[in-house]
Amino acid sequence: MNVHKGREEHIVRSILLLVTLAFLVSGASAVVLSIDNGQVNAIGSSAAVNITLDSAPNGLAGYSINITLGTSSVATISDTSFPGWATNTEVIPDPPSSSCRVKALDGEEKIQDGSTEVTLATLTLQGLSEGVTPVTLTVNLMSDDDDNDIFPTVISGSFTVNTSGALKADFYANSTSGNA
């Protein structure tokens, strides 16, 4: 009898462990933070890209996120804006820069439990030279309305400056004077 009882206890513990691990894994990846990919077709041109939280199951109290352009010679962060719900906003350092930290609070609790597709900030990226640069996000702090930390899965993006697709004048004339 003791052999069967020990086996049953082992099976119950194993099942509890598997359920706990499944909960932890699914909980860790339930929220996704991402940044849009961006592209321009001329040096000096700009494009806006959004930083988005796909869901806020328990609302959103605030956040602090680092943004880094991997190749600073390709692009710069030329401006940053926040949605209307964001209070106590801060960008460090002020643009233009190749990296910055954006911070904001939801002081009026506008982002309610269950909110989806929440735009946290919009970056304006300006092309400096042809190429592609990764745009990396790193969460310093993010918390919900219950003062619990949020640990989102982070999806970084990229920014492309593609001047080879732009139209270029490429013609010549063999007669440059006379009647048309």
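Sequence positions, counted from 1, serve as the residue numbers for this chain. We use all heavy atoms of the structure for the numbers below, so side chains are in, but hydrogens, waters and symmetry mates are not.
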Contact between [X] and [Y] at the side-chain level, heavy atoms closer than 4.5 Å - yes or no?
X: Leu128; Y: Val161; answer: no
X: Pro152; Y: Met142; answer: yes
X: Leu125; Y: Val135; answer: yes

Quick one: does any side-chain atom of Gln126 pair with a main-chain N or O of Ser45 as donor and acceptor, under 3.5 Å?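 No, the answer is negative, given that no donor and acceptor are paired below the 3.5 Å cut-off.
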Partners passing side-chain contact (heavy atoms from CB on, under 4.5 Å) against Asp146 (at least two apart in sequence or in another chain):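 Testing Asp146 for side-chain contact (heavy atoms from CB on, under 4.5 Å), a comparison that skips the adjacent residues, returns Asn58, Asp144, Asn148.
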Check Asp54 against Val32 and note the closest heavy-atom contact, atom names and distance.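 That closest heavy-atom pairing would be OD1-N, 2.7 Å.
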Verdict with supporting geometry, Val31 and Leu53, side chain to side chain contact (heavy atoms under 4.5 Å, CB included): CA-CA 7 Å; Val31 176; Leu53 186 65; 3.3 Å; yes
Any pair with a residue in [range] that passes side chain to side chain donor-acceptor pair (under 3.5 Å), sequence neighbours left out, goes on the list, sorted by first then second residue, please.
range: residues 76-101; result: Glu90-Lys103
range: residues 60-75; result: Ser64-Asn140, Asn66-Asn140
range: residues 31-40; result: Asn37-Ser158, Gln39-Asn41

Hydrophobic cluster membership, with links at side-chain heavy-atom distances under 4.5 Å among I/L/V/M/F/W/Y: are [X] and [Y] in one?
X: Val154; Y: Val49; value: yes
X: Ile65; Y: Leu105; value: no
X: Val139; Y: Leu60; value: yes

Using 0.5 Å steps for rounding, measure from the CD1 atom of Ile43 to the OG atom of Ser129.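 Going from CD1 on Ile43 over to OG on Ser129, the span is 6.0 Å.
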Enter the distance from Ile67:CD1 to Ile35:CD1 here, rounded to the nearest 0.5 Å.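 One gets 6.5 Å once the value is rounded to the nearest 0.5 Å.
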Going by atom type alone, with no hydrogens or angles, which donor-acceptor pairs under 3.5 Å involve a side-chain atom of residues 110-123 and a protein atom two or more places apart or on another chain?
| unit_1 | atom_1 | unit_2 | atom_2 | d |
| --- | --- | --- | --- | --- |
| Gln112 | NE2 | Glu109 | O | 2.5 |
| Asp113 | OD1 | Gly59 | N | 3.3 |
| Ser115 | OG | Gln112 | N | 3.1 |
| Ser115 | OG | Gln112 | O | 2.8 |
| Thr122 | OG1 | Asn50 | OD1 | 2.6 |

